2 protein chains.
Amino acid sequence: MTRSEENYIKTIFHIGRQGKEAVSTNSIAEQMDTKPSSVTDMVKKLAEKDLVNYKKYQGVSLTEMGNKIALGVIRKHRLWEVFLVEKLDFSWDEVHEVAEQLEHIKSDKLIDRLDRLLKYPKYDPHGDPIPDKDGGFEERDEILLSEVPVGGGGICVGVKDSSASFLKFLDKNNIGLGDHIQVLEIEEFDGSLLIGIGENQKQISHQIAANLYIKLKEE
Amino acid sequence: MTRSEENYIKTIFHIGRQGKEAVSTNSIAEQMDTKPSSVTDMVKKLAEKDLVNYKKYQGVSLTEMGNKIALGVIRKHRLWEVFLVEKLDFSWDEVHEVAEQLEHIKSDKLIDRLDRLLKYPKYDPHGDPIPDKDGGFEERDEILLSEVPVGGGGICVGVKDSSASFLKFLDKNNIGLGDHIQVLEIEEFDGSLLIGIGENQKQISHQIAANLYIKLKEE
DNA sequence: TACTATATTTAGTCTTAGCTAAATATTTGT
DNA sequence: ACAAATATTTAGCTAAGACTAAATATAGTA
């Protein structure tokens with residue numbers, strides 16, 4: 001697997017939920033900041049290797065094998081992110097770029113030992129689950145804060161958008177994973193929310209709420 | 001800098017002592033397991049970028065800039081080796097391959113923080129010095145065990161050959177960095193040595209001795 | 001349903017970094 | 001000093017992965 005092949009596989013996985021859905025040539029091109037024609041070329045090559053299912057004009061999905069590879073790359077990416085935050089004191093908005101490089105390092109031993117060093121973490125710094133060695137996923141039952149009705153609330157467990165700008169915004173506003181959040185009011189006009197977070201109250205836009213994952217309080 | 005360019009620069013540095021000496025096209029090709037014609041191509045490209053001094057048929061040396069880049073790559077390589085051994089329990093014969101990949105990761109912050117995590121090590125697991133951020137080297141006054149006269153001795157501080165096979169041999173024979181070694185006899189016939197190592201005595205070939213660096217006991 | 005807009009693929013080109021074979025320099029040995 | 005051996009460079013080819021422009025398929029709408 002070349003670096004480039006791995007990146008295509010990973011992107012196909014991310015766009016079609018877990019690579020099961022067929023995704024369009026254009027969506028891949030857009031996501032990877034490349035041209036549709038380049039995507040077609042690569043997709044043909046991946047189809048040759050039985051990593052994707054591809055029929056002209058019908059979109060692409062991952063095969064069993066392709067899925068395994070995607071999960072492997074994602075596992076590496078997320079473990080490195082944990083490493084960068086836990087061991088090297090990176091902030092959660094700084095890790096992505098570097099992890100994009102580190103995820104392509106080839107060494108099973110390296111990644112197993114890294115996993116051990118980090119004490120087998122289940123989630124990365126953005127709350128995304130880390131696949132285990134066999135590609136097993138721990139899906140959480142979480143919903144977006146924008147879906148929580150007035151009066152409801154829970155623990156903030158993840159972000160949907162993990163762009164640096166969003167993460168920096170959260171830092172600036174003292175919103176982080178593990179925080180207890182309650183929805184106090186929803187503004188009819190623009191969908192903005194008044195939330196209780198810890199001891200404080202805050203007004204946040206609908207867009208913010210639509211990018212925070214909440215685990216509802218049990219029972 | 002592409003990965004390939006970095007590897008050429010690094011090789012030129014290693015062959016000509018610190019890149020000062022002009023090295024031949026063929027020696028680069030041999031070291032990198034590639035063809036002389038490929039070396040010529042790349043060397044021209046590096047000369048364009050002012051990273052090497054190159055005159056047709058006269059060999060190659062590093063410029064100031066080329067030297068800086070070489071030291072940066074070597075710094076990264078050796079720091080990663082320390083990380084693999086210290087934090088992930090790799091053995092010293094396993095680190096090279098993985099470090100060859102890790103040395104090309106681009107992030108100043110990453111390498112500075114890694115340095116800090118490892119407590120600013122001065123030497124890698126094979127006893128080779130780690131350049132500091134500005135390319136500063138701490139050269140040790142060390143000599144090869146094969147150069148030590150009968151009766152002399154000191155501390156084993158490094159290996160010249162760091163191939164996996166040699167390092168495994170040393171492990172098998174309980175010879176490691178930090179060991180105190182004394183030369184008791186040198187066999188005329190084949191140059192093999194009888195050495196005292198800790199409490200024990202051992203017979204080793206000239207070839208082994210010619211690949212162990214010794215720091216002579218002071219005064 | 002037919003026409004138009006959009007999505008996708010094909011064909012041909014470029015760059016990087018390799019290669020082989022042939023040409024040319026340099027070095028060495030007598 | 002000159003021929004033979006060796007080292008190096010040049011020329012032309014290849015594969016991966018990208019691009020542009022042109023061709024073709026699909027989808028949306030009147």
Side-chain angles (χ1 to χ4, degrees), chain A residues 1-16 19 21-62 65-66 69-70 73 100-101 103-106, chain B residues 1-16 19 21-62 65-66 69-70 73 100-101 103-106:
Chain A
M1 290 289 293
T2 67
R3 186 161 310 242
S4 189
E5 286 171 339
E6 284 186 350
N7 283 330
Y8 274 95
I9 294 280
K10 192 181 53 159
T11 301
I12 293 165
F13 181 94
H14 281 310
I15 298 178
E21 268 168 28
V23 304
S24 73
T25 302
N26 272 17
S27 63
I28 299 171
E30 193 185 356
Q31 182 75 23
M32 299 191 63
D33 200 29
T34 182
K35 301 293 168 183
S37 54
S38 308
V39 174
T40 301
D41 286 349
M42 178 57 89
V43 151
K44 280 179 180 170
K45 197 173 123 192
L46 295 174
E48 281 292 307
K49 298 190 177 188
D50 263 313
L51 299 174
V52 302
N53 305 115
Y54 171 60
K55 269 203 231 138
K56 273 190 192 186
Y57 298 102
Q58 304 311 137
V60 199
S61 60
L62 295 180
M65 255 170 72
I69 289 173
V73 175
E100 285 286 304
Q101 299 181 61
E103 74 188 5
H104 299 294
I105 302 289
K106 277 158 188 54
Chain B
M1 290 288 294
T2 67
R3 186 162 310 242
S4 187
E5 287 171 339
E6 285 186 350
N7 283 331
Y8 274 95
I9 294 280
K10 192 182 52 158
T11 302
I12 293 165
F13 181 95
H14 282 310
I15 298 177
E21 267 168 29
V23 304
S24 73
T25 303
N26 272 18
S27 63
I28 299 172
E30 192 184 357
Q31 182 75 23
M32 298 190 65
D33 200 30
T34 183
K35 300 292 167 187
S37 54
S38 308
V39 174
T40 300
D41 285 350
M42 178 57 89
V43 151
K44 279 179 180 170
K45 198 172 121 192
L46 295 174
E48 282 292 307
K49 298 190 177 187
D50 263 312
L51 300 173
V52 302
N53 305 114
Y54 170 61
K55 271 204 229 134
K56 274 192 194 185
Y57 298 102
Q58 305 310 138
V60 198
S61 61
L62 295 180
M65 256 170 71
I69 289 173
V73 175
E100 285 286 303
Q101 298 181 61
E103 74 188 7
H104 300 294
I105 302 290
K106 276 157 188 55

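Chain letters run A, B, ... following the sequence lines, proteins first and then strands; every chain starts at 1. Quantities reported herein were computed from a predicted structural model and do not represent experimental measurements.
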| So do A/N7 and A/H104 actually touch side chain to side chain, heavy atoms under 4.5 Å? | yes
Using side-chain contact (heavy atoms from CB on, under 4.5 Å) as the criterion, list what pairs up with [X], not counting sequence neighbours.
{"X": "A/D50", "answer": "none"}
{"X": "A/K44", "answer": "A/T40, A/Y54"}
{"X": "A/D41", "answer": "none"}
{"X": "B/E5", "answer": "B/M1, B/T2, B/M42, B/K45, B/L46, B/K49"}

Could you give the [atom1]-to-[atom2] distance, from [X] to [N], as a whole number of Å?
{"X": "A/I28", "N": "D/dA18", "atom1": "CD1", "atom2": "P", "value": "12 Å"}
{"X": "B/K55", "N": "D/dT9", "atom1": "NZ", "atom2": "P", "value": "13 Å"}
{"X": "A/E48", "N": "D/dA15", "atom1": "CD", "atom2": "C1'", "value": "15 Å"}

| query | Can you find a side chain N or O atom of B/K44 that sits less than 4.0 Å from OP1 or OP2 on D/dT10? | reply | yes
| request: May I ask you to evaluate whether B/N26 reaches the phosphate of D/dT8, defined as a side-chain N or O under 4.0 Å from OP1 or OP2? | output: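 Yes, within the criterion.
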Which atoms of nucleotides 18-22 of chain C (N or O only) lie under 3.5 Å from a protein N or O atom, and what are those distances?
residue: C/dG18; atom: OP1; partner: B/S4; partner atom: OG; Å: 3.0
residue: C/dG18; atom: OP2; partner: B/Y8; partner atom: OH; Å: 3.3
residue: C/dC19; atom: OP2; partner: B/T34; partner atom: OG1; Å: 2.7
residue: C/dC19; atom: OP2; partner: B/K35; partner atom: N; Å: 3.0
residue: C/dC19; atom: OP2; partner: B/S38; partner atom: OG; Å: 2.5
residue: C/dT20; atom: O4; partner: B/S37; partner atom: OG; Å: 2.9

| query | Who pairs with A/K35 by salt bridge (charged side-chain N to carboxylate O under 4.0 Å, His left out), at least two apart in sequence or on another chain? | reply |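 If we apply the salt bridge (charged side-chain N to carboxylate O under 4.0 Å, His left out) test to A/K35, skipping adjacent residues, there are no hits.
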| Among all residues two or more places apart in sequence or in another chain, which pass the salt bridge (charged side-chain N to carboxylate O under 4.0 Å, His left out) test with A/K106? | A/E6
| request: Could I get the full list of side chain to side chain donor-acceptor pair (under 3.5 Å) partners for A/E103, not counting sequence neighbours? | output: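 Scan of A/E103 (side chain to side chain donor-acceptor pair (under 3.5 Å), adjacent residues dropped) gives A/K10, A/H77.
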| task | Remember a base hit wins even if backbone is also touched, and classify A/T40 as base, sugar-phosphate or nothing at under 4.0 Å, heavy atoms. | result |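 Result for A/T40 = base.
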Can you tabulate the close N/O pairs, meaning under 3.5 Å, that link protein atoms to atoms of nucleotides 23-29 of chain C?
residue: C/dA25; atom: O4'; partner: B/Y57; partner atom: OH; Å: 3.4

